[in-house]
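Each remark here refers to the structure printed beneath this line.
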Protein chains: 2
Amino acid sequence: MSAEKIAATLEADIVSGVLRPGEDLKQGEIAARFSVSRIPVRDALQLMAARGLIDLERNRRARVIDLSPSEIDEVYHLRGLLETDCLRQAIRQLEADDLVKIEAALAHSNIDAATDRWADGDWAFHKSLYAPAKRPRELSMVEDLRRTCRIHIAGYGVLPTLTDKWLKDHENLVAAMRSRAEDRAVDILARHLADARETLLAAMPG
Amino acid sequence: MSAEKIAATLEADIVSGVLRPGEDLKQGEIAARFSVSRIPVRDALQLMAARGLIDLERNRRARVIDLSPSEIDEVYHLRGLLETDCLRQAIRQLEADDLVKIEAALAHSNIDAATDRWADGDWAFHKSLYAPAKRPRELSMVEDLRRTCRIHIAGYGVLPTLTDKWLKDHENLVAAMRSRAEDRAVDILARHLADARETLLAAMPG
DNA sequence: AAATGTATAAATGTATACATTTTGGAGGAT
DNA sequence: ATCCTCCAAAATGTATACATTTATACATTT
């Protein structure tokens, strides 16, 4: 088992909430779990730190990230900035087959919505919205920020109570894109993000 | 010599242009240079990859990042988005002693401008502009993006020909901040970045 | 000459053993 | 009780040795 696979497995545990924010990760325990020495485990932890999943400090145990409400706030601000920019650029460069892919992602995410994979479907949908912008680096930064939120959502057991509203938001987003209504689309997305931010912050302690 | 120090030394080599974009980094050679085994070198390389200094692929040699013009373009776009946002937020929350620090950074950067540390002074100045926004994560993202540009600027031997204009831009930025002229400040910064983008792209090959 | 295949050298990945640092708790002082 | 100090146990950091993969040079073919 290589570092990448160890990192991928641990990432799945973190984004699913099995490992919660602030929880310790001991090299020895992980090494035993995957039946390897601590060397590939160390590599895996560094990979995870690079993706923003854990905090690493020399000589200290690795810990699942655990952001304060004000840090979460900054993350949502950054998401607003980057995601609305991606959306604008996407609309400006939108082509026919992009809409086909978006419709497909929407349908798929509606199916996932009721399952425990709703977050995957949600991201796949939003990614399909932003893809026409052709901004790989920006998209990857958005993915990192979303993952950060998702870790806390899963860790604090946030229930997606507003599912129906969010699904309707998605429909409206697609409609706005189809008619190239840039400002309207951005407005829907901004509210969508504000809702998500509120829901998460309400579930957080401090 | 620990992983952090090795990484810091190699980072200095990269941002100064001693190690240029696309250049190989072999674990064995680095280990010999710092008289350590390859284990801490591997850690150092992972740290550098996390900061975006090098590309790492399993079983392959590490390489200094080497972006295409279109990737550089995206980086400058992101810088524009994030840096102008930091600037706006900074102006809205600006307090008296912030301006004192900004003036100090400006004076210091004017001294550095003629030396080989001009990039350090430039970043210290811009950081002092953005600091009042109190957005640590956003600031750190800006720092990463700037470092990416700097690596290519150093590697392609870009000469700061427009030094005088840039120093004047800095003066004008401070003036705009002092009078809380948000839009004017953002406009100056946007042009400042556009100039830097042009200068770098002109020096790049493909 | 260009392209393909192959062998050997060289580089990276991992396990084990040991050094160094942190951690968590026992015991005593305030 | 609460806060120290100190020590043993446990965790992390590093060196060495070996396994695995990649890369370079060279021969072969088209």
Side-chain angles (χ1 to χ4, degrees), chain A residues 1-14 17-68 151 155 205-206, chain B residues 1-14 17-68 151 155 205-206:
Chain A
M1 186 80 98
S2 67
E4 274 94 345
K5 295 196 172 182
I6 294 168
T9 305
L10 290 175
E11 173 171 343
D13 285 349
I14 293 175
V18 173
L19 290 170
R20 299 171 59 181
E23 208 158 332
D24 284 343
L25 295 176
K26 298 181 199 173
Q27 298 177 4
E29 290 179 4
I30 298 169
R33 170 175 171 191
F34 294 99
S35 307
V36 294
S37 77
R38 279 169 38 236
I39 301 286
V41 172
R42 289 168 60 76
D43 287 351
L45 291 176
Q46 294 253 37
L47 289 172
M48 294 164 69
R51 301 192 77 184
L53 292 157
I54 61 175
D55 286 328
L56 271 184
E57 244 179 311
R58 183 180 170 79
N59 287 323
R60 299 228 145 73
R61 295 208 269 278
R63 295 182 159 224
V64 178
I65 54 163
D66 188 8
L67 271 56
S68 68
I151 289 168
Chain B
M1 186 78 96
S2 66
E4 274 94 344
K5 295 196 174 184
I6 294 168
T9 305
L10 291 175
E11 173 171 343
D13 284 348
I14 293 175
V18 173
L19 291 170
R20 298 171 60 181
E23 207 157 333
D24 285 343
L25 295 177
K26 298 181 197 173
Q27 298 177 3
E29 289 179 5
I30 298 169
R33 171 175 170 189
F34 293 99
S35 306
V36 294
S37 78
R38 278 170 38 239
I39 302 287
V41 172
R42 289 169 60 77
D43 287 350
L45 291 176
Q46 294 252 39
L47 289 172
M48 294 164 70
R51 301 191 78 183
L53 292 157
I54 61 175
D55 287 329
L56 271 184
E57 244 179 312
R58 183 180 170 78
N59 286 323
R60 297 228 146 72
R61 296 209 265 278
R63 295 182 159 224
V64 178
I65 54 164
D66 188 8
L67 271 57
S68 68
I151 289 169

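Below, chain A is the first sequence line, B the second, and so on; all start at residue 1.
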- Task: Measure from the side chain of A:R38, starting at C-beta and using heavy atoms only, and say which of C:dT12, D:dT12, D:dA15 lies closest.
- Result: D:dT12
- Item | Which residue lies more 5' along DNA chain C, comparing A:I39 with B:A62 via nearest heavy atoms | B:A62
- What nucleic acid atoms does B:L25 come within less than 4.0 Å of, heavy atoms only: base, sugar-phosphate, or nothing? sugar-phosphate
- Given C:dA15, C:dT14, D:dT16, the nucleotide with the shortest approach to the side chain of B:S37: D:dT16
- Message: Tell me which nucleotide, if any, is Watson-Crick or G-U wobble paired with D:dA25 when both distances must be under 3.5 Å.
- Response: C:dT6
- Item | Side chain of A:R60 (C-beta onward), nearest among C:dT23, D:dA17, D:dA15 | C:dT23
- Task: Specify the separation, in whole Å, of atom CG of B:D43 and atom C1' of D:dT14.
- Result: 9 Å
- How far does CD of B:Q27 sit from CD1 of B:I39, to the nearest 0.5 angstrom? 8.5 Å
- Task: Provide, to the nearest angstrom, the distance between the CD1 atom belonging to B:I30 and the C1' atom belonging to C:dA11.
- Result: 12 Å
- Task: Measure from the side chain of B:N59, starting at C-beta and using heavy atoms only, and say which of C:dG13, D:dA15, D:dA11 lies closest.
- Result: C:dG13
- Give the rounded distance in Å between these two atoms: NZ of B:K5 and C1' of D:dT14. 16 Å
- From the candidates D:dT24, D:dT12, D:dT22, the one with an atom nearest any side-chain atom of B:R61 is D:dT24
- What about A:R58: does its side chain form a donor-acceptor pair under 3.5 Å with the base of D:dG13? no
- Identified side chain to side chain contact (heavy atoms under 4.5 Å, CB included) counterpart of B:M48 within the set B:D43, B:V64, B:L25, B:L56: B:L25
- Taking atom CG of B:L10 and atom CG of B:L47, what is their separation to the nearest 0.5 Å? 11.0 Å
- Query: To the nearest 0.5 Å, what is the distance between CD1 (B:I151) and CD (B:E11)?
  - Reply: 7.5 Å
- A:E4 CD to C:dT12 P, straight-line distance once rounded to whole Å: 15 Å
- Message: Can you give me the closest heavy-atom contact between A:P40 and A:A3, atom names plus distance?
- Response: O-CB, 3.6 Å
- Message: From CD of B:Q46 over to C1' of C:dT12, roughly how many Å is that when rounded to an integer?
- Response: 12 Å
- Task: Rounded to the nearest angstrom, tell me the gap between atom CD1 in B:I6 and atom C1' in D:dG13.
- Result: 12 Å
- Which one, C:dT14, D:dT24, D:dT12, comes nearest to the side chain of A:R42? D:dT12
- From CG of A:D55 across to C1' of D:dT12 the rounded distance in Å is 17 Å
- Provide, to the nearest angstrom, the distance between the CD atom belonging to A:Q27 and the P atom belonging to C:dC18. 19 Å
